[in-house]
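For reference, positions follow the sequence shown, starting with 1.
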Amino acid sequence: MKIKRILKWSALAILLILFAWFEFAYWTSTNDCDQKTGAPTHPMKAIRYCEYGPPDEVLKLEQAEKPVPNDNQILVRIRAVSLRFFDGGMLQGGVGRLVFGLRKPKNTTPGSDFSGTVETVGSNVTEFKPGDEVFGVRAGALAEYICVTASRAVVLKPGNVTFEQAASIPTALVALQGLRDTARVTAGQKVLINGASGGVGTFAVQIAKAMGAEVTGVCSTHNVDLVKSLGADHVIDYTKEDFTKSDQHYDVIYDLVNNRSFAERRRVLKPDGICVLAGVGGSGMRKETFFNLAGSLTAALRSKFSKEKFVMFGVDINKKDLGVLRDLTESGKIAPALTKSYPLNETAAAYNYLETGHASGKIAITIE
């Protein structure tokens with residue numbers, strides 16, 4: 001009885017501590033929006049959001065202070081920013097509050113995947129010079145200027161693509177690392193891309209082809225021609241055919257949708273095949289998103305007891321792999337599938353389109 005009493009009160013104490021921590025973290029979560037800074041001395045345009053909510057309500061085009069690079073940074077004049085699948089969910093908050101700020105967003109300028117021109121360089125920077133065209137990843141990119149540490153995720157832009165296309169390339173890190181490092185795709189293997197017409201999927205089709213795989217893409221009727229144009233050997237229209245009921249078997253399923261059961265996907269995997277759980281079905285946070293995420297977690301656990309493996313992975317944003325993607329783009333092996341572009345003052349419209357969950361290819365925002 002004494003042990004039960006101790007366990008009971010210990011559990012209660014832990015719950016109270018966790019509740020107190022959450023309350024403290026929530027009410028101390030803030031940002032710089034309330035600071036009275038006055039008019040900027042060296043103004044630039046930037047998109048800001050001070051509260052969580054719908055894009056039309058929270059995204060504002062404002063004047064901000066132009067940043068100054070330190071000795072190890074470069075100042076980039078942003079020309080384009082592309083949206084990632086999680087960007088819309090970041091605005092809405094939801095479970096993203098655990099990362100982006102419990103009560104208010106910590107970083108008040110959204111966007112991360114950018115391209116632009118180097119304006120100035122820090123005294124320790126030797127890799128870049130003013131005038132260089134670059135692309136990379138840096139939080140707070142939806143602004144006219146941004147400072148980026150030269151040794152981190154920024155590389156020279158491929159010369160054969162536009163700034164809007166270049167800003168889309170970092171999304172391909174998910175496809176590159178999922179297919180190369182997790183699935184370990186080799187020439188001659190059969191690879192199925194579920195969600196082949198999305199921002200990551202369009203790159204996954206091309207990267208798998210560049211690896212020498214026989215690629216099958218799964219998409220809607222509207223996007224069949226797009227996926228064919230990317231080089232897919234076979235395209236399945238999911239409105240007409242269920243890939244889990246076919247007679248085909250695959251070495252790799254690269255799944256960006258996760259809307260099929262463990263048993264259904266296992267059925268079309270070859271013995272010792274692998275299903276890479278790379279997404280949860282489009283952009284934004286919808287009711288089915290949580291079911292798909294739960295399905296991914298369950299599949300990964302269940303595969304511990306089967307020959308066919310279901311594996312989740314996390315993307316590593318790094319300079320080396322951005323360089324790999326640049327080389328693939330310059331050689332013509334991959335090309336960004338940019339399908340929509342918006343000016344900076346229509347950023348909210350871009351986010352609204354992203355939030356539909358059915359955007360094909362990539363969406364870019366241009367900054368003139």
Side-chain angles (χ1 to χ4, degrees), residues 29-35 37 40-53 55 58-70 72-93 96-122 128 134-155 157 163-164 166-171 173 315 317-319 322 342-348 350-351 354 362-368:
S29 173
T30 187
N31 51 44
D32 59 1
C33 289
D34 295 329
Q35 296 179 9
T37 57
T41 305
H42 302 94
M44 70 169 185
K45 294 177 183 177
I47 296 293
R48 299 189 78 201
Y49 75 117
C50 297
E51 306 284 346
Y52 293 117
V58 300
L59 290 176
K60 310 293 182 185
L61 179 57
E62 298 181 353
Q63 294 287 322
E65 188 68 40
K66 181 179 176 181
V68 178
N70 63 30
N72 299 309
Q73 292 180 325
I74 58 176
L75 178 67
V76 178
R77 167 69 167 89
I78 301 294
R79 297 290 302 276
V81 174
S82 76
L83 300 185
R84 285 186 178 244
F85 76 95
F86 57 76
D87 282 343
M90 182 178 71
L91 292 189
Q92 298 284 357
R97 290 173 182 263
L98 297 173
V99 177
F100 305 119
L102 286 175
R103 187 166 64 94
K104 295 182 177 182
K106 298 174 185 176
N107 185 355
T108 56
T109 299
S112 59
D113 298 0
F114 71 89
S115 67
T117 305
V118 176
E119 183 160 296
T120 59
V121 302
F128 301 102
V134 296
F135 76 98
V137 183
R138 174 73 162 82
L142 271 171
E144 286 189 290
Y145 294 90
I146 193 171
C147 290
V148 185
T149 301
S151 61
R152 294 186 181 174
V154 57
V155 296
K157 167 185 163 296
F163 281 106
E164 290 82 4
S168 303
I169 296 173
T171 295
L173 287 170
V315 65
I317 299 173
N318 65 79
K319 193 181 191 76
L322 285 177
Y342 296 81
L344 186 64
N345 61 358
E346 294 182 17
T347 295
Y351 274 84
L354 178 72
K362 291 294 295 179
I363 306 166
I365 296 171
T366 57
I367 304 176
E368 298 298 335

*asked:* I need the minimum non-hydrogen distance between A80 and A167, along with the two atoms involved.
replied: O-CB, 3.6 Å

*Honestly, is K157 close enough over F163, meaning NZ or CZ under 6.0 Å from the six-membered ring centre and within 45° of the axis?*
yes

*Kindly indicate whether the side chain of K104, heavy atoms from C-beta on, has any atom under 4.5 Å from the side chain of E51.*
yes

*Search all heavy atoms of V154 against all heavy atoms of F128 and return the closest pair with its distance.*
O-CZ, 3.6 Å

*Give the intermediate values and the outcome of side-chain contact (heavy atoms from CB on, under 4.5 Å) for residues S112 and R84.*
CA-CA 8 Å; S112 59; R84 285 186 178 244; 4.2 Å; yes

_Please determine whether side-chain contact (heavy atoms from CB on, under 4.5 Å) holds for the pair L344 and L61, giving the CA-CA distance in whole Å, both sets of side-chain angles, and the decisive distance to 0.1 Å._
CA-CA 8 Å; L344 186 64; L61 179 57; 3.7 Å; yes

*Kindly compute the distance separating CG (L83) from OH (Y342), expressed to the nearest 0.5 Å.*
9.0 Å

*Atom CZ of R152 and atom CG of L322: how far apart are they, to the nearest 0.5 Å?*
14.0 Å

*Applying side chain to side chain contact (heavy atoms under 4.5 Å, CB included) between P69 and each of I74, V118, T120, report the one that passes.*
T120

*How long is the gap from CZ on R138 to OG1 on T149, to the nearest 0.5 Å?*
6.5 Å

*So, the side chain of Q73 versus the backbone of G122: is there a donor-acceptor pair under 3.5 Å, distance only?*
no

_Sub-4.5 Å side-chain heavy-atom contact between I365 and P343_ = no

*Any side-chain heavy atom of V134 sitting closer than 4.5 Å to one from V155?*
no

*Under 3.5 Å donor-acceptor, E65 side chain and H42 backbone*: yes

*asked:* Which heavy atom of L173 sits nearest to which heavy atom of I317, and what is that distance?
replied: CD1-CA, 4.1 Å

*asked:* Tell me whether E368 is salt-bridged to K45, with the criterion being a basic N under 4.0 Å from an acidic carboxylate O.
replied: no

*What are the two closest non-hydrogen atoms of C50 and P105, and how far apart are they?*
O-CD, 3.5 Å

*Are the side chains of Y52 and V58 in touch, meaning some heavy atoms are under 4.5 Å apart?*
no

*Shortest non-hydrogen contact from Y351 to L59?*
CD1-CD1, 3.7 Å

*What pair of heavy atoms forms the shortest contact from T171 to K362, and how long is it?*
OG1-NZ, 2.7 Å

*asked:* Test side-chain contact (heavy atoms from CB on, under 4.5 Å) on F85 and L354; report intermediate values, then the result.
replied: CA-CA 7 Å; F85 76 95; L354 178 72; 5.7 Å; no

*CG/D87 to CD1/I363 distance, rounded to the nearest 0.5 angstrom?*
9.5 Å

*Side chain proximity check, S151 to K319, heavy atoms < 4.5 angstrom*: no

*How many angstroms lie between CD1 in I78 and CD1 in I146, if you round to the nearest 0.5 Å?*
5.5 Å

_Evaluate R79 against E144 for salt bridge (charged side-chain N to carboxylate O under 4.0 Å, His left out), listing each step before the verdict._
CA-CA 8 Å; R79 297 290 302 276; E144 286 189 290; over 6 Å; no

*Y49 versus L91: any side-chain heavy-atom pair under 4.5 Å?*
yes

*Looking at side-chain heavy atoms only, is the closest gap between C147 and V68 below 4.5 Å?*
no

_Interatomic spacing from CG in D113 to OG in S168 - rounded to 0.5 Å_ = 8.0 Å

*asked:* Less than 4.0 angstrom from a charged side-chain N to a carboxylate O is my criterion; do E62 and R48 meet it?
replied: yes

